[in-house]
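The next block holds one structure in the form of structure tokens; read it before the comments.
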Amino acid sequence: MSESRNAAQTGTRHYRPETRLVHGGTLRSQFGETSEALFLTQGYVYDTAEQCAARFANTDPGYIYSRFSNPTVSMFEQRMIELEGAEAARSTATGMAAVTTAILAPLRAGDHVVAAKAMFGSCRFVVEDLLPRYGITSTLVDGLNLDDWQKAMRPNTKTLFLESPTNPTLEVLDIAEIAKIAHKGGARLIVDNVFATPIWQSPLSLGADVVVYSATKHIDGQGRCLGGVILSSNDFIQEHIHNFLRQTGPSMSPFNAWVLLKGLETLGVRVRQQTENAAKVADALAKHPKITKVIYPGRSDHPQAATVKKQMRAGSSLVAFEVKGERAAAFRVLNGLKITRISNNLGDAKSLVTHPTTTTHQRLTPEARAELGITEGMIRFSAGLEHVDDLIEDLHGALEKA
Ligand SMILES: Cc1ncc(COP(=O)(O)O)c(C=O)c1O
């Protein structure tokens with residue numbers, strides 16, 4: 001089995017996504033195994049010193065060390081490449097390692113980054129707190145306002161970063177228009193596609209240059225392991241990402257890559273069912289007297305419904321809603337749920353609820369949260385695979401206590 005890591009291996013691209021999810025990137029050993037093999041090895045041995053030297057000189061294709069190349073990890077990367085329509089990919093230990101690497105690796109002191117204010121708290125830490133320590137300035141904008149993006153551009157702007165739908169307010173940002181602003185200014189656009197999943201949104205086809213995922217979410221989707229992946233052009237991955245990961249080492253473990261490969265096989269059916277459940281939960285919540293607001297990208301009353309239609313193939317498995325009565329009422333709802341569990345995670349087979357103000361977005365000031373529309377009464381609901389009637393009854397039961 002040889003190291004085959006990039007666009008050369010495009011085996012399933014001509015098939016539909018469901019087929020790519022099951023077969024993309026599979027490498028078989030001499031034993032002809034059905035399921036992808038788990039190569040739980042740190043390193044590799046060489047037949048001769050000459051072969052070893054050639055491997056390091058890059059003249060003999062093959063694996064060297066699992067910090068930067070491993071057959072099981074390659075299979076995961078290749079399956080993601082074929083699903084996303086990218087040229088190349090590299091995977092990381094967590095989603096945050098993917099976000100941090102994609103943003104930081106290509107930049108130098110003196111560069112400037114523009115990012116949408118509404119984003120996951122740790123991503124905001126990277127942009128707002130970490131980058132400036134290394135002389136990289138950043139401007140946060142209202143991601144929905146294209147003029148804001150345009151006005152923030154400077155001659156030294158190298159990267160624009162956004163997530164859409166956003167965490168947790170489910171705003172939908174216009175990826176194609178923001179990509180145009182980036183490219184006009186000579187910058188790249190990086191999209192964190194976690195909330196949309198590769199099933200419902202393909203940022204590269206909308207003009208983005210780089211896509212990042214926390215594979216921890218829907219790609220695993222069964223609460224087992226963490227992971228991340230960066231997808232882009234061959235040039236971007238080779239020039240900026242491969243060497244950074246090789247030398248600094250936030251690598252995905254082969255075991256996690258194997259779990260995630262198995263996760264990809266069922267990603268399509270899971271995300272479809274979770275989205276169907278989320279849509280029904282959103283409709284049920286919208287009718288409830290104790291709910292003041294429901295935000296769901298699949299509903300016609302979503303504030304960016306036109307953008308959803310333009311760039312997403314369906315809504316999302318996430319719903320945000322607000323209960324009357326602020327934090328105490330929100331906590332009573334969370335504590336009253338029996339099937340849906342309290343967690344800061346999302347995208348799981350088990351339905352999960354989060355109170356963003358006190359968890360994922362607790363590091364923001366109250367003013368910053370207010371600006372983003374993250375209220376004390378807001379709850380984020382991540383739909384799982386349970387029967388939707390049980391989920392709705394569970395929510396209704398908990399709302400009685402609100
Ligand atoms: C939008 C978004 N991006 C990135 C991450 C980070 O992923 P991980 O937890 O795998 O590091 C998360 C996790 O919560 C997220 O919600």
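Values below: all heavy atoms of this structure, side chains included; hydrogens, waters and symmetry mates excluded.
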(message) Could you tell me if the side chain of Y296 sits less than 4.5 Å from the side chain of D283, heavy atoms only?
(response) no
(message) Using only atom types and a distance under 3.5 Å, with no angle test, would you say the side chain of H183 pairs donor to acceptor with the backbone of A179?
(response) yes
(message) Does any part of the side chain of T94, heavy atoms only, come nearer than 4.5 Å to the side chain of S214, both counted from C-beta?
(response) no
(message) Is it true that, when you exclude R299 itself, more than 12 heavy atoms of the residues, nucleotides or ligands shown sit nearer than 6.0 Å to its CZ?
(response) yes
(request) Measure the spacing between CD1 of I190 and CG of L231 and express it to the nearest 0.5 Å. (result) 12.0 Å
(message) When you compare the side chains of S35 and K262, does any donor N or O come within less than 3.5 Å of an acceptor on the partner?
(response) yes
(request) Return the orientation label for the H396 and H288 ring planes: parallel under 30°, perpendicular over 60°, tilted otherwise. (result) tilted
(request) Check for a donor-acceptor pair, side chain of T72 on one end and backbone N or O of W258 on the other, with a separation under 3.5 Å. (result) no
(request) Provide the closest heavy-atom pair for I178 versus W149 in the form atom of the first, atom of the second, distance. (result) CD1-NE1, 3.5 Å
(request) State, to 0.1 Å, how close L130 and Y134 come at their nearest heavy-atom pair, and which atoms those are. (result) O-CD1, 3.3 Å
(message) Closer than 3.5 angstrom, by distance alone: can the side chain of N345 be matched with the main-chain N or O of G223 as a donor-acceptor pair?
(response) no
(request) Please check if the side chain of E171 supplies one atom and the backbone of L144 the other of a donor-acceptor pair under 3.5 Å. (result) no
(request) Before giving the answer on side chain to side chain contact (heavy atoms under 4.5 Å, CB included), spell out for F39 and L27 the whole-Å C-alpha distance, their side-chain angles and the decisive distance to 0.1 Å. (result) CA-CA 11 Å; F39 289 91; L27 301 168; over 6 Å; no
(request) State, to 0.1 Å, how close M75 and A37 come at their nearest heavy-atom pair, and which atoms those are. (result) CE-O, 3.7 Å
(request) Would you kindly say whether H112 and T157 are connected by a side-chain donor-acceptor distance under 3.5 Å? (result) yes
(request) Taking S382 for its side chain and L346 for its backbone only, find out whether a donor-acceptor pair lies under 3.5 Å. (result) no
(request) Please determine if R363 and D129 form a salt bridge, counting it only when a charged side-chain N lies under 4.0 Å from a carboxylate O. (result) yes
(message) Determine whether a donor-acceptor pair (N or O, by modelled atom type, separation under 3.5 Å) exists between the side chain of N167 and the backbone of F120.
(response) no
(request) Determine the minimum heavy-atom distance between A329 and A402, stating which atoms define it. (result) O-CB, 4.1 Å
(message) Can you confirm whether the side chains of T197 and Y213 place a donor and an acceptor under 3.5 Å from each other?
(response) no
(request) Using distance alone, with no hydrogens and no angle criterion, decide if S251 and R246 have a side-chain donor and acceptor under 3.5 Å apart. (result) no
(message) Please report the interatomic distance CZ(R327) to NE2(H355), rounded to the nearest 0.5 Å.
(response) 6.0 Å
(request) Examine the side chains of E33 and S29 and answer whether a donor and an acceptor come within less than 3.5 Å of each other. (result) yes
(message) Heavy-atom count check: over 12 atoms from other residues, nucleotides or ligands less than 6.0 Å from F255 CZ?
(response) no
(message) Looking at S232 and I237, would you say the former's side chain and the latter's main chain have a donor-acceptor pair under 3.5 Å?
(response) no
(request) Tell me, yes or no, whether the heavy-atom count around K350 atom NZ, taken from other residues, nucleotides or ligands under 6.0 Å, exceeds 12. (result) no
(request) Compare all side-chain heavy atoms of T139 with those of R154 and state whether any distance is below 4.5 angstrom. (result) yes
(request) List for me each residue that meets salt bridge (Lys or Arg N to Asp or Glu O under 4.0 Å) alongside E276, sequence neighbours excluded, and say none if there are none. (result) K280
(message) Is it the case that the side chains of E376 and T357 hold a donor-acceptor pair, with the cut-off being a distance below 3.5 Å and no angle test?
(response) no
(request) Could you please spell out the steps behind the side chain to side chain contact (heavy atoms under 4.5 Å, CB included) verdict for F68 and L245? (result) CA-CA 7 Å; F68 48 95; L245 290 177; 6.0 Å; no
(request) Taking the side chain as every heavy atom from C-beta outward, state whether I136 and K158 have any pair of such atoms under 4.5 Å apart. (result) no
(message) For residues 380-402, which residue pairs pass the salt bridge (charged side-chain N to carboxylate O under 4.0 Å, His left out) check, not counting sequence neighbours?
(response) none
(message) Any donor-acceptor pair under 3.5 Å linking the side-chain atoms of T41 with those of Y63?
(response) no
(request) Please confirm whether the backbone N or O of Y15 pairs with a side-chain atom of R20, one donor and one acceptor, at under 3.5 Å? (result) yes
(request) First locate atom CG of L385, then atom CG of D348, and finally report the distance between them rounded to the nearest 0.5 Å. (result) 8.5 Å
(message) Tell me whether R369 contacts the main-chain N or O of P356 through its side chain, where contact means a donor paired with an acceptor under 3.5 Å.
(response) no
(request) Please test E265 against E36 for side chain to side chain contact (heavy atoms under 4.5 Å, CB included), starting from the C-alpha separation and ending with a verdict. (result) CA-CA 11 Å; E265 288 183 348; E36 296 72 11; 3.6 Å; yes
(request) Examine distances only and state if a side-chain atom of Q311 and a backbone atom of I175 form a donor-acceptor pair shorter than 3.5 Å. (result) yes
(request) May I ask you to check whether over 12 heavy atoms, not counting those of Q247, lie within 6.0 Å of atom CD? (result) yes
(request) For atom NZ of K310, decide whether the heavy atoms of other residues, nucleotides or ligands shown that lie under 6.0 angstrom number more than 12. (result) yes
(request) May I ask you to test the T12-L21 pair for a side-chain heavy-atom distance under 4.5 Å? (result) no
(request) Could you tell me the separation between the CG atom of N243 and the NE2 atom of H240, rounded to the nearest 0.5 Å? (result) 12.0 Å
(request) Could you pull out the closest heavy-atom pair between N70 and Y44, with the gap in Å? (result) CA-OH, 3.1 Å
(request) Report yes if the side chains of D111 and L131 come closer than 4.5 Å at any heavy-atom pair, otherwise no. (result) no
(request) State, to 0.1 Å, how close G384 and S351 come at their nearest heavy-atom pair, and which atoms those are. (result) N-OG, 2.7 Å
(message) When you compare the side chain of Q222 with that of T266, does any pair of heavy atoms fall below 4.5 Å?
(response) yes
(request) For residues L140 and M119, determine if any side-chain heavy atom of one lies less than 4.5 Å from a side-chain heavy atom of the other. (result) yes
(message) I need the D209 CG to F236 CZ distance, nearest 0.5 Å.
(response) 8.5 Å
(request) Would you sort out whether R272 and W200 count as a side chain to side chain contact (heavy atoms under 4.5 Å, CB included), showing the intermediate values? (result) CA-CA 9 Å; R272 273 191 182 81; W200 299 142; 3.7 Å; yes
(message) What's the separation between atom OG in S202 and atom CE in M312, rounded to the nearest 0.5 Å?
(response) 10.5 Å
